[in-house]
Every structure is written in structure tokens, then in C-alpha cells.
Trainee: 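My questions all concern the structure below.
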Amino acid sequence: MPSADDTAGMEEDARRIGDLAKEYGVSLRTLRFYEDKGLLTPERVGSTRLYHRRDVSRLELILLGRKVGFSLREVKQLMDLYDPNGTNIRQFKAVVDRSTRQLGRLEKQRAELDSAIEAISDLIATTKEKLAAIPTGKPN
């Protein structure tokens with residue numbers, strides 16, 4: 001069991017769950033969920049979770065992956081390819097491949113959104129014109 005001095009030393013390069021949650025704008029529940037899914041592996045000192053540099057880096061990757069539309073499963077698969085002693089060519093190739101596919105999906109979604117925005121803008125303009133053409137003074 002670590003002494004109080006050991007724990008203090010560990011905490012210098014680690015963040016507690018509340019601090020990490022606040023810093024990255026996520027809930028405590030989210031961090032615990034990522035831990036349950038094997039995405040984060042904080043050190044446990046009693047009931048305290050301590051997140052070291054590796055977990056912070058992994059959290060940043062999780063949040064980036066979620067931002068660009070990857071599932072947590074995809075994020076985990078990509079992170080699991082990391083080899084601290086290797087060249088990580090396999091991981092890099094997988095990131096490029098999946099990211100390229102995701103970029104295509106996002107570009108398609110953007111085109112669909114642009115089309116929907118144009119359609120609703122036209123509807124608003126047409127409706128405003130019709131509204132302006134109605135003589136005032138008549139109810140409804």
C-alpha cells in the first residue's frame with residue numbers, strides 16, 4: 001500500500017477524476033463509462049482514480065474520434081493498435097483508412113445539409129412573400 005508521501009508524488013503527475021472531467025468538459029459518468037469500456041485505465045489509490053499522461057492522451061483521442069463521428073468501438077480498435085515499442089505503421093494506416101471513409105460520409109452529410117438549408121431558406125422566402133402580399137386589416 002502506498003504511503004502518504006508516495007500518493008502525493010503520484011498525484012503530482014496525475015489528475016483526479018473531477019479535475020479531468022472539468023478540464024475536458026465531460027461528466028464523471030462519462031469517464032467511468034470509458035473506463036468500463038477499457039478505453040481508459042486510471043490508477044486506483046483506494047477509491048481515488050488518478051489519470052496519468054497516457055489516459056489524458058487517450059481521452060483526447062476519444063473526444064477527437066467522437067467529434068468526427070467514430071464510434072467508441074472504432075476509437076478503441078484504433079487505440080488498441082498502438083505499440084509503444086513499434087513503428088505503429090499498422091495503426092497509422094488504419095487511422096488513414098478509417099478517417100478517409102469517415103471524411104467521405106461527412107462530406108455526403110454536408111451536401112445533404114446544404115440541400116436542406118437551401119430548401120428551408122426558399123420556403124421561408126416564399127412564405128414571407130406570400131405573407132407580405134396579403135392585404136393588412138383582414139384577420140387571419
Side-chain angles (χ1 to χ4, degrees):
M1 175 137 178
S3 69
D5 290 338
D6 292 337
T7 303
M10 285 186 269
E11 290 179 16
E12 285 177 17
D13 68 334
R15 296 178 177 109
R16 294 175 181 263
I17 191 169
D19 296 332
L20 190 64
K22 189 176 197 178
E23 182 178 346
Y24 284 91
V26 297
S27 67
L28 301 178
R29 184 176 179 182
T30 296
L31 293 175
R32 290 185 196 109
F33 178 77
Y34 292 160
E35 182 182 354
D36 289 343
K37 294 297 180 187
L39 294 160
L40 300 176
T41 54
E43 177 185 3
R44 295 293 197 112
V45 178
S47 64
T48 303
R49 289 174 171 89
L50 296 175
Y51 295 86
H52 294 279
R53 194 172 333 145
R54 177 180 184 270
D55 285 306
V56 173
S57 295
R58 288 176 69 91
L59 177 60
E60 289 173 352
L61 291 171
I62 293 165
L63 296 176
L64 174 62
R66 298 300 292 145
K67 180 178 182 177
V68 300
F70 288 152
S71 69
L72 285 179
R73 181 177 177 206
E74 289 173 310
V75 170
K76 184 171 184 340
Q77 289 171 345
L78 290 171
M79 288 194 307
D80 286 348
L81 292 173
Y82 177 71
D83 176 4
N85 299 315
T87 61
N88 291 300
I89 290 172
R90 228 174 106 214
Q91 184 190 38
F92 293 150
K93 286 182 177 182
V95 167
V96 169
D97 179 55
R98 290 194 186 180
S99 296
T100 300
R101 282 188 270 141
Q102 183 62 12
L103 179 60
R105 285 191 288 270
L106 291 173
E107 287 173 339
K108 182 180 177 191
Q109 286 176 349
R110 180 173 54 193
E112 291 168 354
L113 282 172
D114 288 342
S115 177
I117 289 169
E118 184 179 341
I120 201 160
S121 295
D122 290 347
L123 173 64
I124 291 168
T126 302
T127 305
K128 282 182 176 181
E129 288 172 14
K130 289 179 180 178
L131 188 58
I134 298 173
T136 57
K138 291 187 177 181
N140 251 354

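Please read these numbers as outputs of a predicted model, since none were measured by experiment.
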Trainee: Is there a donor-acceptor pair closer than 3.5 Å between any side-chain N or O of N88 and the backbone N or O of D83?
Mentor: yes
Trainee: If the threshold is 4.0 Å, N to carboxylate O, is there a salt bridge linking D97 and K93?
Mentor: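 Looking at D97 and K93, the cut-off is not met.
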Trainee: Walk me through it: do Q77 and R98 pass the test side-chain contact (heavy atoms from CB on, under 4.5 Å)?
Mentor: CA-CA 11 Å; Q77 289 171 345; R98 290 194 186 180; 2.7 Å; yes
Trainee: At their closest point, which heavy atom of L81 faces which heavy atom of A94, and how far apart are they?
Mentor: CD1-CB, 3.6 Å
Trainee: Kindly write out the residues that satisfy salt bridge (charged side-chain N to carboxylate O under 4.0 Å, His left out) with R29, not counting sequence neighbours, or none if the list is empty.
Mentor: none
Trainee: Testing the basics here: between Y34 and R66, what is the closest heavy-atom pair and its distance to 0.1 Å?
Mentor: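 So the two residues come closest at OH-CG, 4.3 Å.
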Trainee: Quick one: closest heavy-atom pair of E74 and G69, and the distance?
Mentor: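 Of all heavy-atom pairs spanning E74 and G69, the closest is OE1-O, 4.4 Å.
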Trainee: Step through the shown structure and confirm whether more than 12 heavy atoms of other residues, nucleotides or ligands are within 6.0 Å of CZ on R105.
Mentor: yes
Trainee: State which residues pass side chain to side chain donor-acceptor pair (under 3.5 Å) with R54; sequence neighbours excluded, sorted by chain then number.
Mentor: T41
Trainee: If I compare all heavy atoms of Q102 with all of V68, which pair ends up nearest, and what's the gap?
Mentor: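 Minimum heavy-atom contact is NE2-O, 2.8 Å.
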Trainee: Nearest 0.5 Å, what's the CG-CZ distance between L61 and R58?
Mentor: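 Answer rounded to 0.5 Å: 8.0 Å.
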Trainee: Quick check against the 3.5 Å criterion: does E43 have a side-chain atom that pairs as donor or acceptor with the backbone of Y51?
Mentor: no
Trainee: Can you name the residues that form a side chain to side chain donor-acceptor pair (under 3.5 Å) with S27, not counting sequence neighbours?
Mentor: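 With sequence neighbours excluded, S27 shows a side chain to side chain donor-acceptor pair (under 3.5 Å) to T30, given in chain and number order.
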Trainee: Quick check on side-chain contact (heavy atoms from CB on, under 4.5 Å): which of V26, L40, L72, L28 does F33 satisfy it with?
Mentor: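 The passing option is L72.
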Trainee: Give the cluster check for L103 versus V95: same hydrophobic cluster or not, with ILVMFWY residues linked at side-chain heavy-atom distances below 4.5 Å.
Mentor: no
Trainee: According to a 4.5 Å side-chain heavy-atom criterion applied to Ile, Leu, Val, Met, Phe, Trp and Tyr, with indirect links allowed, do V75 and Y82 form part of one hydrophobic cluster?
Mentor: no
Trainee: Would you please name every residue forming a side chain to side chain donor-acceptor pair (under 3.5 Å) with E35, sequence neighbours left out?
Mentor: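 Per chain and number, E35 pairs via side chain to side chain donor-acceptor pair (under 3.5 Å) with R44, R49.
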Trainee: Run the salt-bridge test on D80 and K76 with the 4.0 Å N-O cut-off and return the result as yes or no.
Mentor: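 Salt bridge flag = yes for K76 with D80.
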Trainee: Is the shortest heavy-atom distance from the side chain of R53 to the side chain of V56 under 4.5 Å?
Mentor: no
Trainee: Closest approach of I62 and M79, non-hydrogen atoms and distance?
Mentor: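 Distance-wise, the nearest heavy atoms are CG1-CE, 3.8 Å.
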Trainee: Test of understanding: clusters of I, L, V, M, F, W, Y form through side-chain heavy atoms closer than 4.5 Å, transitively. Do L20 and L50 belong to the same one?
Mentor: no
Trainee: Who passes side chain to side chain donor-acceptor pair (under 3.5 Å) against Y24, sequence neighbours left out?
Mentor: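 Once residues adjacent in sequence are excluded, the partners of Y24 under the side chain to side chain donor-acceptor pair (under 3.5 Å) criterion are E60.
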Trainee: Mind listing the side-chain donor-acceptor pairs of residues 106-129 below 3.5 Å, one per line with the distance, residues two or more places apart or on another chain?
Mentor:
unit_1: S121; atom_1: OG; unit_2: I117; atom_2: O; d: 2.8
unit_1: T126; atom_1: OG1; unit_2: D122; atom_2: O; d: 2.9
unit_1: T127; atom_1: OG1; unit_2: L123; atom_2: O; d: 2.7

Trainee: How many angstroms lie between CG in D55 and CG in L31, if you round to the nearest 0.5 Å?
Mentor: 9.5 Å
Trainee: Could you tell me which non-hydrogen atom of F92 sits nearest to which non-hydrogen atom of T87, and how far apart they are?
Mentor: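 Distance-wise, the nearest heavy atoms are CE1-O, 3.5 Å.
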